[in-house]
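Chain naming here is simple, since letters A, B, ... match the order of the sequence lines and numbering starts at 1 in each.
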Amino acid sequence: MNHNNIKNVVIVGGGTAGWMVAAALSKSLGSQHISIRLVESEAIGTVGVGEATIPHIKYFNRLAGIDENEFLRNTSATFKLGIEFVNWRNIGDSYVHPFGPYGIDMQGVHFHHTWLRQKQKGTAKPVDEFSLPGLAAKAGKFQHPRPDLKSSPMATMDYAYQFDAALYGQLMRKVAQERGVKRTEGKIVKVKQNTENQNIESIELENGALISGDLFIDCSGFKGLLIEQTLKTGYEDWSHYLPCDRAVTRLSERLEELPPYTRATAKEAGWQWRIPLQSRTGNGYVYSSQFLSDDEALASLNKDLDTPAIAEAKLLRFKTGIRKKTWNKNVVAIGLAAGFLEPLESTSIHLIQSAIARLMTNWPDKSFNQPDIDYFNRKTQTEYEQVRDFLILHYCATKRNDSPFWDYCRTMDIPKSLEERIAIYKENARLYREDLELFSSVSWFAVFNGQNIEPKRYHPLADILDDEKLEIRMAELLRATKRCVEVMPSHEQYLKDLCASK
Amino acid sequence: MPDNNPKSVLSHLRYAYHFDATAYAAFLRKYAQQRGVMRIEGKIENVLTHQDSGNIQSVTLENGQSIDADFFFDCSGFKALLLEKTLGVKFTDWSHWLPCNRAQAVASERTEPLLPFTISTAKTAGWQWRIPTQHRTGNGHIYCRDFMSDDEANQILLKGLDAKPLGDARTIDFQTGCREHFWFKNCIGLGLSSGFLEPLESTSIFLIQQGIVRFISLYPDGQLSNVLQNEYNRLMSREFSQVRDFIILHYHATQRDDSPFWNYCRNMSIPHSLQHKIDLFRAGGRVFRDDQELFSKPSWIAVMLGQHIVPEVYDPILSDIPKSDIQRSLDSMNIAMKQAVSRLPSHAEFINKYANGVRT
Ligand SMILES: Cc1cc2nc3c(=O)[nH]c(=O)nc-3n(C[C@H](O)[C@H](O)[C@H](O)COP(=O)(O)OP(=O)(O)OC[C@H]3O[C@@H](n4cnc5c(N)ncnc54)[C@H](O)[C@@H]3O)c2cc1C
Ligand SMILES: Cc1cc2nc3c(=O)[nH]c(=O)nc-3n(C[C@H](O)[C@H](O)[C@H](O)COP(=O)(O)OP(=O)(O)OC[C@H]3O[C@@H](n4cnc5c(N)ncnc54)[C@H](O)[C@@H]3O)c2cc1C
């Protein structure tokens, strides 16, 4: 065995990020030859939000060896078929960003070209009606996809979850501890670095205990205890693109018929989420403190709750951006310590998951090979930038002019990468740019179209069908999609049955 | 043929073809003409451009016939009749990284057994290909004329044949590199007019194909938006540089010091993008496929290991698995592959049956 192998991993922080890392590492590395220790402080606590996810979470749960029913019962989870965006392009408008494709691709071009052709002819139905997850979401229905039903929209629909973040953390903790992860309670007060290479050697707790390690995973939340406070890595600020910097959150009673989707409603100086769980509803107003006071935000949040509040409101401050290096020396920052992108598309937990996967493929030894680290950092940066661009699109492609906040967003400078992407879509409705992007071309289309960006033209291949055949095919698709929704059980009932079963 | 059953080792099999390029072009010509493509025989003597836009307006043939169009594809080969001669698009020279600049090619008689792979043999100042087709074997010696005379190159070519040559060798000059723009004004260059990378990994036809696919997906209208043009150029120049790096790797990662040519290649500076890939592999055996890159992980591993770039350590993730377990699973993979191979028909048998309509 290589004496240079990492033998001691220390995870700093026991929020969602810390325990996800602990669960995944203990599952993949075992605990025979490697010791994994997690340090957390109950006195400091966790950020306590983070309830909505995207479909990739299913892979993570599978990797961690979690049974879906057990997960649903233990985390108060509901199914999520997409996000409804209300009042984003204009007050009164709404659209769904669904998990799964619209219609089916015809004549070798993406479905949206065919739909755009119909739209230009003036015969198109709203594109939401071609999306099974979109329609089912609004109808309050759910069932698992049926990949066995080949040409049915049931085969290609996808889903994610909405869950109680604290309970999910506990589930991860159970998984990790069963696999040998050791947990230490205590507040870290001091960090010791190697005098030569500045690597972290050990951390010291309030009670004087010393914990040393070869590799430190910094999951200490916004402050970045190791990556920033100790290593002074620096932070790239993106708040000129995404000016929201605060959130006021509040739990309210459970919704009566559980909707299988998250709602994001644009407001005067930001937006408000509504995330339905089995036990309660999560709510939060994400806003820009430049344009709105905390008191105004709280009043506005309270006014827009759909059910009576059941807890005090909580205020959170953040700065959108990314750590200049998420891996620096022998410290890898994951979760809020790595960077922050607002939860508009529920991406933070996914970014944790993806950082874990990247760490596993680039698993270091004690020499901490710099090209591997550079690669890791480059990929993290690209991933955050791609999500960032997608979020900005929701803000900049708006017609709203009812508040200084929206005037800013509508007219602000946007990254060149996004500018080019919008220009290409406007020109000929082409969506696809890079491989390995988190959001598929379907997601980009959902938001482009939802925000009313009109392409000049569609792909000429979509013209191959003659008019009459086109209308027939599209009508068939609409009928098939509708029929699927009709036969689906209600989300409420489906969940009840699943959670009752073993 | 690859097996559809994902559990079978044969499901991982991938293949391409060796073929007669002239016959393939004739096949495509028939295909295109049946679908309405009009062919005009004649030599282009003159090209007319619009005064304001600089776009190409028409080409004029020797016999005076003039042909107008909205859009032109320049497939005129190395000379790049439209892209370079008319529109003045410059060429980016890469010959400091890939110094070979001449080829001599000759066909030879078919030999048995019919091999299902290309052989590329490094020579004193370049390399020689051997490409077996059903009726004959294609051979060519690619070399750098700054390091070798044509006579010597010819002797090497003929000495390297394993059967009688069919005629005299043909000499082809080239320069490695690509156009600064692949799409300029109302013209796209495809094939040799757009750039050249030596056939060491048989990539030229693939690059033509990529250009076509990209064009179809971007499909401009009469206004020829710059947005589409920039995107096309961005994608194609990335494609060319990725292939370039892969080819350079074969030359640079060598231990040969038996000729000035190889001394040059071993010591030359290489693109940063490639250096980074080599560093990652050398340190920990890691290979990452960049966005939409043609060559996949196994390709890079094959050449890195083949050229003796040996990682200093293997992935530490494996360090907890006992050596004997690793050995056992490698052995069983090896046995499964050997067994699968022993059950396959010979290449010649397979072609005989398959080409005659007997599906196996
Ligand atoms: C308003 C808002 C809404 C969000 N909504 C979503 C969403 O819908 N979907 C989604 O995917 N994500 C969402 N997120 C993000 C998500 O909440 C986080 O990504 C997730 O909770 C992970 O947080 P964390 O574990 O990195 O940090 P934290 O939860 O802050 O955990 C930090 C840990 O470090 C420990 N710690 C800190 N300092 C010390 C010390 N000195 N000594 C010992 N221990 C210490 C703490 O005790 C704690 O255990 C949202 C975030 C915000 C702010
Ligand atoms: C030595 C060598 C080996 C190669 N091996 C491989 C390989 O193994 N695999 C691979 O994929 N690729 C290989 N290639 C590349 C491959 O040969 C070319 O990509 C392919 O042949 C395409 O060439 P082309 O059509 O661009 O140009 P050409 O074949 O040169 O065609 C040019 C056409 O333009 C016409 N033309 C030119 N000027 C005029 C004019 N004034 N008026 C009218 N018509 C005109 C010509 O008549 C001709 O029809 C190799 C290339 C070389 C040099």
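Residue with the most contacts toward chain B among A:Leu461, A:Asn362, A:Ile6: A:Asn362 (heavy-atom pairs, distance under 4.5 Å).
Contacts between A:Lys456 and chain B at a heavy-atom distance below 4.5 Å involve the side chain alone, from C-beta outward. For B:Asp221, the parts lying near chain A are the backbone and the side chain together; criterion is any non-hydrogen pair under 4.5 Å. Neither the backbone nor the side chain of B:Glu312 comes within contact range of chain A; no heavy atom of the residue lies under 4.5 Å from a heavy atom of that chain. Proximity to chain A (any heavy atom under 4.5 Å) is shown, for B:Ile321, by neither the backbone nor the side chain. Proximity to chain B is limited to the side chain of A:Asn369, based on heavy atoms less than 4.5 angstrom apart.
The shortest heavy-atom contact between A:Asn428 and B:Tyr219 is ND2-O, 3.9 Å. Between A:Arg457 and B:Leu228 the shortest heavy-atom distance is NH2-CD1, 3.5 Å.
For the salt bridge (Lys or Arg N to Asp or Glu O under 4.0 Å) test, residues two or more places apart in sequence or in another chain that qualify with B:Arg328 are B:Asp325. Remark: B:Asp68 engages no residue in a salt bridge (Lys or Arg N to Asp or Glu O under 4.0 Å) (not counting sequence neighbours). Every residue was checked against the salt bridge (Lys or Arg N to Asp or Glu O under 4.0 Å) condition with A:Glu178, not counting sequence neighbours, and none meets it.
A salt bridge links A:Arg430 and B:Glu231; the closest N-O separation between the charged side-chain nitrogens and carboxylate oxygens is under 4.0 Å.
Summarising the local packing, NZ of A:Lys366 is surrounded by more than 12 heavy atoms from other residues, nucleotides or ligands at distances under 6.0 Å. Atom NZ of A:Lys329 has more than 12 neighbouring heavy atoms from other residues, nucleotides or ligands inside a 6.0 Å radius. Surrounding CG of A:Asn452 are more than 12 heavy atoms belonging to other residues, nucleotides or ligands, all under 6.0 Å away. Summarising the local packing, CD of B:Gln223 is surrounded by 12 or fewer heavy atoms from other residues, nucleotides or ligands at distances under 6.0 Å. Within 6.0 Å of NE2 on A:His110 lie no more than 12 heavy atoms contributed by other residues, nucleotides or ligands. Shown here is B:Phe27, whose CZ atom has no more than 12 heavy atoms of other residues, nucleotides or ligands within 6.0 Å.
Annotation: residues 350-361 of chain A contacts chain B through A:Met360, A:Thr361 [non-hydrogen atoms, separation under 4.5 Å].
We find the CG-CD1 distance between B:Leu218 and A:Ile424 to be 7.0 Å, quoted to the nearest 0.5 Å.
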### Query
side-chain contact (heavy atoms from CB on, under 4.5 Å) between B:His276 and A:Arg378: does it pass, once the steps are laid out?
CA-CA 12 Å; B:His276 186 64; A:Arg378 205 154 34 104; 3.1 Å; yes
